[in-house]
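Lettering follows sequence order; numbering is per chain, from 1. Computed from a prediction, not measured in an experiment: that's the story for all the values here.
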Amino acid sequence: MAPESTLEAVALRVGYGQNPILPELSVTIPPGSFTVIVGPNACGKSTLLKSLARILPVESGRVLLDGADIKALRTKELARRVGLLPQSSVAPEAITVIDLVSRGRHPHQGVFRQWSAEDEAKVARALEDTGLTDLASATVDRLSGGQRQRVWIAMVLAQDTPIVLLDEPTTFLDLAHQIEVLELCARLHRDGRTLVAVLHDLNQAARYATHLIALHEGQIVAEGAPAVVLTEDTVERVFGVRARIIPDPETGTPLIVPRAHGAVAASAGTGTITGTSVPEPEHI
Amino acid sequence: MNTPTLRASGERVVRVRGLSLRIHRRSFWVGLACLIVALGAAGYSLTIGDLPLSLGDVWAALTGHADPGTTRIVLDWRLPRVLMALFGGIALAMSGAVFQTLTGNPLGSPDIIGFNTGAYTGALLSMLVIGGGSTGTTVGALIGGTATGALVYLLALRHGLHGYRLIVIGIGVSAMLGAINSYLMITVKLEAAITAQVWGAGSLNTIRWIDLTPTILITLICLPPLLALWRQAGMLGLGVETASGRGVNVKLLRVALLVLGVVLTAAVTAVAGPIAFVALVAPQIALRLCRGPGIPLLPTAFLGAALLVISDLVARTLLAPVQLPVGVVTVVLGGGYLVWMLISRLRKA
């Protein structure tokens, strides 16, 4: 894997007209961190993630990868350095696990260089890391939701980028599979990747993130270590929910407990706190 | 080198001096079988006609050892038609593969972007304005088809090209052009109307060498870039964002595919008229035979060739000595396919 690299956004404006999704956002993803972006629905989480990977066009401002504007990079070059797993992935009918995972190698391949020794090694490793080696020849549509999500993550792993962006990797999964995926993410982070994920569950975010970004109406309300960011005040401002913050009895990280009847009327619009898995609407 | 992982997806890696190609084993054999069937049917097709010939006679004529009469029958009369069926089938099928991959829809075909209806409009207009003639018809069809394709593309382009949008707009534009075509048909002279009708059915009956050469050239020119792009095209099946995140320049890829798809259809339609359904059917049959995750390009191409050669064989022999336009046969074939697909979908649901 390439050495750690830095991803930052400078005065990013995304979306058209009077009410852009991100009016002017600047952020630096700390190299080597497991950064989690949280915020209510439609706050611009996915938009930020997609802009960082150049999936969405930026109206003004820049995204810098190791100091250089990603606009100038070739699509393949960018995909060798930043791997994005969007929410909208679809597995073609009858595709096998190995075939799907091997497509993560696309940015490293060429018309006449379709399978190198490195491709073989990285794909084998990605299958092993996600516990999919025995399912390699299975077709993806036969797998459970949790297994399927592991296949997509394996694809991004095979891509072998120093920075990995995951858009709501736990959405639509039951609790056991959510934890399984988050543990997998934590392991990848420990192995030296910079991870950026959008998560809905604040307590999970607090437990796994090393760096937390709280987003509200396209602006960063707070960022830093979860214990610093997750104050009663911030949670109320961002999510519109009055909550108590207590130490997680398992890990000591902040645990958000909404107060009884704690919703603050008309504060954060549509946002609700923990446990909801409603995907954000597509912005484009 | 060992490639145990790829074996699990039924693929082999072929290596030549640092270069490597992934080959889906089943697709390879299906493609080879289709090629053999296509060439076999083409060979047989050369032997039949008013003067039946043996395969030996045909071979002698092809290699330049036959008497002048046989040589003339085979090389000047029968071969152009058979070659047109072979290359036309390849071009149409590949074009269908392109549009179905581009739209992610099994009903995607050059017809959906209004190409064929537009080509018909162009041909009718040229008959009306410059009074027909095969060159005029060809050029008119070419301009009409390409202009319609471009119009549909531009209309669908707003808010980013979306497969479903392309189909809906294509159907709308086709319907409008269909009305214009009907109007033109009652405006042109009776003779021209009859010629137009025959052209509109899609026929290989009158193909000469001079008509054929551009089709062969265009098919051969389009093949290498299409083969080179096909792996990337398969990535579109994962969704646009996922493909982009894997380093696919989706915008560029879509434009390139669209251009190649339109050019390939145009190469056939301009010469032989709109031959329906080959583009629709061949990719889906190849997909089912090869059992891979995406439409296989070469098996589709060879299957298209086999389909068109056999359809033309049927068109020539079914009511002999009357020769049907090949389009009539492919429509029957395609209609049957559509019914079968609808039934199998209903059963699944």
Closest heavy-atom contact between [X] and [Y]?
X: His106(A); Y: Gly247(B); value: CE1-O, 4.1 Å
X: Gly245(B); Y: Ala79(A); value: O-CB, 3.6 Å
X: Gly239(B); Y: Val90(A); value: N-CG2, 3.7 Å
X: Arg246(B); Y: Leu85(A); value: NH2-N, 4.5 Å
X: Pro92(A); Y: Pro293(B); value: CB-O, 3.6 Å

Contact listing (chain B partner; residues 136-143 of chain A; heavy atom under 4.5 Å): Ala136(A), Ser137(A)

What do you reckon, is [atom1] of [X] surrounded by more than 12 foreign heavy atoms closer than 6.0 Å?
X: Arg25(B); atom1: CZ; answer: yes
X: Arg74(A); atom1: CZ; answer: no
X: Arg125(A); atom1: CZ; answer: no

Leading residue by heavy atom contact count with chain B [cutoff under 4.5 Å; candidates Gln159(A), Glu77(A), Gln114(A), Arg113(A)]: Gln114(A)

Selection from Ser89(A), Ala94(A), Gly104(A), Gly110(A) maximising heavy-atom pairs under 4.5 Å formed with chain B: Ser89(A)

Glu11(B) side, atom CD; Asp99(A) side, atom CG - distance, nearest 0.5 Å: 5.5 Å

From CG (Leu252(B)) to OG1 (Thr75(A)), nearest 0.5 Å: 8.0 Å

With a 4.5 angstrom heavy-atom cut-off, could you sort out which part of [X] is near chain B: side chain, backbone, both or neither?
X: Leu100(A); result: side chain
X: Ile55(A); result: side chain
X: Thr96(A); result: side chain
X: Glu93(A); result: both
X: Ala124(A); result: both

Between Ser102(A) and Arg22(B), a side-chain donor and acceptor under 3.5 Å: yes

Sub-4.5 Å side-chain heavy-atom contact between Ser244(B) and Lys50(A): no

Test side chain to side chain contact (heavy atoms under 4.5 Å, CB included) applied to Trp230(B) and Val111(A), step by step: CA-CA 9 Å; Trp230(B) 206 244; Val111(A) 174; over 6 Å; no

Under 3.5 Å: donor-acceptor pair, side chain of Arg15(B), backbone of Trp115(A): yes

Options Leu21(B), Leu229(B), Leu19(B), ranked by heavy-atom pairs under 4.5 Å with chain A, top entry: Leu21(B)

Which of Gly237(B), Gly292(B), Gly294(B) touches chain A most, by non-hydrogen pairs under 4.5 Å: Gly237(B)

Engaged part of Val248(B) at the chain A interface, taking heavy atoms whose separation is under 4.5 Å: both

Derivation of the side chain to side chain contact (heavy atoms under 4.5 Å, CB included) call for Thr242(B) and Met155(A): CA-CA 10 Å; Thr242(B) 311; Met155(A) 180 187 73; 3.7 Å; yes

Counterpart residues, side-chain hydrogen bond (donor to acceptor under 3.5 Å, both in side chains), relative to Gln232(B) (two or more places apart): none

